[in-house]
Every structure is written in structure tokens, then in C-alpha cells.
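Here is the naming used below: chain letters follow the sequence lines, and residue numbers restart at 1 for every chain.
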Amino acid sequence: MALQDKYKELTDAATAAGISDLQVREQDSVLYIDGTAPTGTVKDQLWDIYGKIDPNFLTGDLVLNVNVSVGADVTKVKVTTDNSNLNIRKGPGTDQPIVGKAGHGEIITLLNKSNEQWWLVRTDDMEEGYAYAQYLSPQ
Amino acid sequence: MKLTKLLMAIAIVTTVSFVSCKPKDDDIKAAIEAKIKADADLAPVSVDVKDGIATLSGQVKDDATKAKVPTLTADVKGVKSTTDNTSVTPPPPPPPAPVAITADDPLTKSVTDATKDYPTVKTTVKDGVIAVTGTIAPDKWKKLKMSLDGLHPKKVDGSALTIK
């Protein structure tokens, strides 16, 4: 219960912000918070609170897994790499051959996001493959 | 005069009949309570009797017990009717599912994917724990931690990490 007290501000904020499918579970001295945030802003807010309670996220007693809700009608995603191109690969994994690239800031077509980490996308040049979801922002 | 007497007589009879109703209700109540006592399952049931109408209330543990409730008043003398307000206690919510931890092999692969763009850190995966070592800027570490937390690890151990 001590961990739930430590991160109470975070779980309270998650509840207040309308995180759906919110699950707060403590297991083997690690607290797991899972859920889906309505917007990216909400996710950022939660991570800010996490950083306030545990500066630099180094204690390792919390796994905060909050995804941003992506509507079923979303078909376009923006490439949000730091500044480089985004690799598009044949399969979901960095061990897969690169079949294309999408430029930084480019808007491409989202085909399938059944894999949490790797989304199937298609560029305007009709290059189709898997890109790392962290670098894609739904439009 | 005669009318007054008659009215008085009616009044007395009415009063007596009302008063006599009270012990009767109490008797019925006692009889039902005795039956409740005889069955431990029915212990949560309470009974109230008014003018021969028995009202049963309380929460019983299951449907089988609930089915026994009408028998409490069925053959009790003087019961005109029974109102059954008892209900079955809803089952407790199921305990939360345990946290699913990704097995080491797929986790290692996912960690490799997630850390590809962070060449200054090294990771090892053992028993679901992702240990991160090396040096990394605070904002980059935050992004990386977000990715790693999304891979369903047992924990992310950055205790040996230098943030600068």
C-alpha cells in the first residue's frame, strides 16, 4: 500500500483526467498503472507528476503505461522524429529490412495499429511497412 | 341516548379489536423469528408484522437461500400476506488480474527496438527487469522510459544510469 500512497497524486490525477481502462496494481514492490489517455496532453501531465514524485524516474518502483487513445477513424499520422527520417520496415522489428523512409514532419497513412509498438503505414510514394509507433502522432 | 350507547359500544369493540391485533402480530413475528433461528442461512433475514402482513427483509447469501424465504411465513397461522423484500448479496468483484509481464525473449527484442536511437545507453533484460546503464540527457531518458514502460516489463531499473 505504501507505493499507492507514494503515487497517490498520480493515480488521483489519472482518475480525474478520465483515463479509461485505468488499472492500478501493486505486485512485488512495483506499482503498475495502465490505461488509455484521452489526449497526449493528459499523458504528458501524468508523466510530469511522475517526474515530480520520482525525479528522473530512477527508483524503478513504477511502470506507467499510458497510451494515447487513437480513434478508429484515424487514418493519417505525422512523423514526429527529433529531426531524422523514419525507417519503414518490412516487419515489426529493427531486425527487419528497411523498405522505405518517411521524412520528419511528413503526414502518412495509418493502415493498422494492432501491434502496440509497430504500426503499419503507407507513404505517399506507396511505400508500405512498419514504423515505430512512438514517432507517429495521430492527426 | 340509545344512539350514544351504541356508538360507545362500537368504540369499545373497535378499540378492543385493535388492541387485540397487537399481540397477535407479536405472536406471528415470534413464530417467524423462531423459524429464522432454525436455519443459519436465514440469519440475516428480519421480520416485521403489522395487521397480519409479514414483511421480510435482509440480504441472503445466494438464490437457494432466497428460495427458502417464502417458507418462513407459509404455514404460520394468522399471516394474511407476505411481502418479501429480501435480496441476494451481490458477489464480490473479482480480484484484479495479475500484472502480465512480457517474457524475456520478446521483451529483449522490443527493448532493442526501443533503444535503437539511444546509443549512449546499454540495456540488459533478465526475468522481466530491464536494467539500463550509461549516460543520457533527462528529456531523452523520459522518452525512453515512456517506451520501456509500454513494453510490459516487470520493472525498469535505471539505478546505475547517469542523467546529465
Side-chain angles (χ1 to χ4, degrees), chain A residues 3 21-37 40 43-44 46-52 54-68 80-87 89 91-96 98 115-119 130-135, chain B residues 93-103 105-121 123-164:
Chain A
L3 279 177
D21 309 322
L22 180 66
Q23 279 192 301
V24 180
R25 293 172 290 182
E26 192 172 335
Q27 190 169 300
D28 299 333
S29 305
V30 178
L31 189 67
Y32 299 83
I33 301 177
D34 297 86
T36 305
K43 178 180 173 173
D44 289 342
L46 295 181
W47 275 88
D48 287 345
I49 297 170
Y50 178 13
K52 206 173 72 179
D54 180 19
N56 282 334
F57 321 104
L58 290 175
T59 311
D61 55 4
L62 176 67
V63 173
L64 178 58
N65 178 27
V66 175
N67 294 311
V68 178
T80 49
T81 48
D82 286 342
N83 50 36
S84 56
N85 290 334
L86 179 64
N87 289 330
R89 294 174 182 274
T94 49
D95 54 352
Q96 294 288 314
I98 296 169
N115 183 311
E116 273 183 55
Q117 268 76 46
W118 293 91
W119 287 356
Y130 292 83
Y132 206 55
Q134 197 197 352
Y135 298 118
Chain B
V99 179
I101 310 291
T102 309
D105 281 351
L107 186 59
T108 305
K109 187 173 180 293
S110 301
V111 170
T112 307
D113 292 346
T115 51
K116 176 184 159 279
D117 295 336
Y118 303 88
T120 61
V121 296
T123 50
T124 52
V125 172
K126 191 170 186 297
D127 300 331
V129 178
I130 306 171
V132 191
T133 55
T135 305
I136 192 170
D139 57 329
K140 287 210 161 197
W141 167 233
K142 186 179 183 178
K143 267 193 189 170
L144 179 57
K145 174 82 159 76
M146 279 185 190
S147 300
L148 297 178
D149 278 10
L151 305 177
H152 308 289
K154 185 175 162 67
K155 71 184 271 185
V156 176
D157 181 6
S159 54
L161 195 62
T162 307
I163 308 286
K164 69 174 183 189

Would you mind checking which part of [X] comes under 4.5 Å of any heavy atom in chain A, side chain (CB onward), backbone (N, CA, C, O), both or neither?
X: B:Lys155; result: both
X: B:Ile136; result: neither
X: B:Val156; result: backbone
X: B:Ala97; result: both

Which region of [X], side chain (C-beta onward) or backbone (N, CA, C, O), has a non-hydrogen atom less than 4.5 Å from a non-hydrogen atom of chain B, or is it both or neither?
X: A:Phe57; answer: both
X: A:Asp82; answer: side chain
X: A:Val30; answer: side chain
X: A:Asn115; answer: neither

In terms of heavy-atom contacts, does NZ of B:Lys140 have more than 12 from other residues, nucleotides or ligands at under 6.0 Å?
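For B:Lys140, atom NZ is not crowded (no more than 12 foreign heavy atoms under 6.0 Å).
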Side-chain heavy-atom pair [X], [Y] within 4.5 angstrom cut-off:
X: A:Gln27; Y: B:Lys154; value: no
X: A:Thr80; Y: A:Gln134; value: no
X: B:Val99; Y: B:His152; value: no
X: B:Lys145; Y: A:Tyr50; value: yes

Leading residue by heavy atom contact count with chain B [cutoff under 4.5 Å; candidates A:Leu62, A:Thr81, A:Asp34]
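Most heavy-atom pairs under 4.5 Å with chain B: A:Leu62.
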Identify which of B:Asp149, B:Asp117, B:Thr112, B:Val132 forms the greatest number of heavy-atom pairs closer than 4.5 Å to chain A.
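Going by pairs under 4.5 Å, I would pick B:Asp149.
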Grab the two heavy atoms, one from B:Thr108 and one from B:Val125, that are nearest each other, plus how far apart they are.
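Scanning both residues completely, I find the closest heavy atoms to be OG1-CB, 3.6 Å.
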In Å, rounded to the nearest 0.5 Å, how long is the span from CG of A:Asp54 to CG of A:Leu64?
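CG of A:Leu64 is found 11.0 Å from CG of A:Asp54.
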